[in-house]
Amino acid sequence: MEVVTFGETMVLLAPDRMVPLEYVNGFHKHVAGAETNVAIGLARMGHTTGWFSKLGNDPFGRYIRQFVRGHGVDTSEVRVTDEAPTGVFFKEQISPDQIQVYYYRKQSAASLMQAEELNEAYVGGARILHVTGITPALSHECRRLTFRALEAAKKHGTTIVFDPNIRWKLWNREEAYRVLNEIAALADYVLPGMEEGQFLTGCSDPTEIADRLQKAGAGAAVIKLGADGAYYSNGRISGTDPGFPVKRLIDPMGAGDGFAAGFISGLLQGEELPSAVRRGNAVGSIVVGVSGDVEGLPARGDVELLLAGGTG
Ligand code: CKP
Ligand code: MG
């Protein structure tokens, strides 16, 4: 397997109209989870990926597994439990960039993942382990599982890519600060958004944020700047990739995961930091033009076209 990732994937119920949620009558069912967004994105670009989690023994759990597996992601390490239901969440979108989410995921099946259940060989056998800051926020055990997975990656020489993906609805600031910084220090690549970088380091400038993260132990830092692209540094090379103009902003959710998928795809192809970042920006800019988290993830050819200066 080239990439392994793990975390909670839920059914997303997205309203059929851009009005406050209390006025919505119809919803569309989607599958969403930062980690499966990345795994599916990578699979679509031709990479081998695996995702593990815990799903409820219910229709949504079966739907998620079939959906993820249907996109070519290995789900052999996914567990099923009778103890809790599969998590769901609702999206409220009043305008293209005004989005709120409402989670129904407390004590969900995924939050019952156990550190002891980790298949170390599965993580150690991958070239890259993708980790997000959502998983350690789910429960105490999920936090232990996250650190166990990081340990397994370290032990087997698996490269760690970390997206902090801070979700304020899931934990308090002190805990988030401590745990996410601890993970960042273990990672080969840290991919925060600007606000996340500011929170983690207390610095306001992308160059300072990247510096701080590296001084604390991270191999390289890539600070995502939204429409302005991304700043990157590994201590040897640094710079800003300006990104790609977005023709149609339909749904910014999943953009960060698209970036991660493109970036990881670049690393797997042996690209240097600047090209991998450019590939991340290319995928991110394509994803925001389509509604849904995974629906807009491009095939390899579409990314190459955009990188070559075509329309993407
Ligand atoms: O940072 P992004 O907009 O790329 O992440 C969106 C995902 O996993 C979404 O799919 C949702 O399920 C989540 O983040 C989450 O748990 O908030
Ligand atoms: Mg994100």
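Computed over heavy atoms, backbone and side chain alike; hydrogens, waters and symmetry mates excluded. Order of appearance sets the numbers: ligands from 1, and atoms from 1 within every ligand.
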Q: Show which atoms of ligand 1 fall inside a sub-4.0 Å distance from at least one heavy-atom site of Ile134.
A: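 Answer, ordered by atom number: 8 (O), 13 (C), 14 (O), 15 (C), 16 (O).
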Q: Classify the angle between the aromatic ring planes of Phe67 and His71 as parallel (below 30°), tilted (30 to 60°) or perpendicular (above 60°).
A: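 Phe67 vs His71 ring planes: tilted.
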Q: Short N/O distance, under 3.5 Å, between Phe89 and ligand 1?
A: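 Checking ligand 1 against Phe89, no N or O pair falls under 3.5 Å apart.
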Q: Indicate if Leu225 and Phe259 have the same hydrophobic cluster label, given that clusters are the connected sets of ILVMFWY residues with side-chain heavy-atom separations under 4.5 angstrom.
A: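 Leu225 does not cluster with Phe259.
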Q: Which residue and atom name correspond to the protein heavy atom nearest atom 4 (O) of ligand 1, and how close is it?
A: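 The answer is Asp257 OD2, 2.9 Å.
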Q: Considering only heavy atoms of Tyr103, which atoms of ligand 1 have at least one such atom less than 4.0 Å away?
A: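 Every atom of ligand 1 under 4.0 Å from some heavy atom of Tyr103: 15 (C), 16 (O), 17 (O).
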Q: Relative to the heavy atoms of Ala32, which atoms of ligand 1 are at a distance of less than 4.0 Å?
A: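 Every atom of ligand 1 under 4.0 Å from some heavy atom of Ala32: 10 (O), 12 (O).
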Q: Please write down residue, atom name and distance for the protein heavy atom closest to atom 8 (O) of ligand 1.
A: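 Here the closest protein heavy atom is Ala34 N, 2.7 Å.
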Q: In terms of ring plane angle, is the pair Phe199 and Tyr177 parallel, tilted or perpendicular, where the classes change at 30° and 60°?
A: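 Correct class here is perpendicular.
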Q: Among Thr75, Val78, Leu55, find the one that has a side chain to side chain contact (heavy atoms under 4.5 Å, CB included) with Ile64.
A: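 Filter result, single survivor: Leu55.
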Q: Need the ligand 1 atom indices (1-based, order shown) with element for anything under 4.0 Å from a heavy-atom of Ala255.
A: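 Listed by number with element: 4 (O).
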Q: So that I can check it, does any N, O or S atom in Thr132 come closer than 2.8 Å to the Mg ion (ligand 2)?
A: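 Thr132 does not place any N, O or S atom closer than 2.8 Å to the Mg ion (ligand 2).
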Q: Note the single closest protein heavy atom to atom 1 (O) of ligand 1, along with its residue, its atom name and the distance in Å.
A: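 Sorting protein heavy atoms by distance from atom 1 (O) of ligand 1 puts Asn165 OD1, 3.1 Å first.
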Q: Kindly work out whether a path of hydrophobic side-chain contacts (I/L/V/M/F/W/Y, heavy atoms less than 4.5 Å apart) joins Val131 to Leu200.
A: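 In one cluster with Val131: Leu200, yes.
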Q: So for ligand 1, is Gly254 a polar contact partner (N or O within less than 3.5 Å, distance only)?
A: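 Between Gly254 and ligand 1 (N or O atoms, distance only) the closest approach is under 3.5 Å.
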Q: What is the closest protein heavy atom to atom 14 (O) of ligand 1, and at what distance does it sit?
A: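 The answer is Arg167 NH2, 2.8 Å.
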Q: Establish, from distance only, whether the side-chain atoms of Ser233 and Gln214 form a donor-acceptor pair under 3.5 Å.
A: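 On atom types as modelled, these side chains qualify, holding a pair under 3.5 Å.
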Q: Any idea which protein heavy atom is nearest atom 9 (C) of ligand 1, and the distance to it?
A: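 Checked against all protein heavy atoms, atom 9 (C) of ligand 1 sits closest to Asp293 OD2, 3.0 Å.
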Q: For the rings on Phe90 and Tyr102, is their centre-to-centre separation under 6.0 Å?
A: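 No; Tyr102 has its ring centre 6.0 Å or more from that of Phe90.
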Q: In ligand 1, which numbered atoms sit nearer than 4.0 Å to a non-hydrogen atom of Gly256?
A: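 Those qualifying, in numeric order: 4 (O).
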Q: Under a 4.0 Å threshold between the charged nitrogen and the carboxylate oxygen, would Glu120 count as salt-bridged to Lys155?
A: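 Between Glu120 and Lys155 there is a salt bridge, with a charged N closer than 4.0 Å to a carboxylate O.
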Q: Among all protein non-hydrogen atoms, which one is nearest to atom 16 (O) of ligand 1, and what is the separation to 0.1 Å?
A: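 Checked against all protein heavy atoms, atom 16 (O) of ligand 1 sits closest to Arg105 NH1, 3.0 Å.
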Q: Nearest 0.5 Å, what's the CZ-CG distance between Arg79 and Asn119?
A: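 Nearest 0.5 Å value for the CZ-CG distance: 8.5 Å.
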Q: Considering only heavy atoms, does Asn37 approach ligand 1 within less than 4.0 Å through its side chain, its backbone, both, or neither?
A: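 Answer for Asn37: side chain.
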Q: Is there any N or O on Gly33 that sits under 3.5 Å from an N or O of ligand 1?
A: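 So ligand 1 has an N or O lying under 3.5 Å from an N or O of Gly33.
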Q: Does any donor atom in the side chain of Asp58 or Thr86 lie under 3.5 Å from an acceptor atom in the other side chain?
A: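 The answer is yes; a qualifying pair exists.
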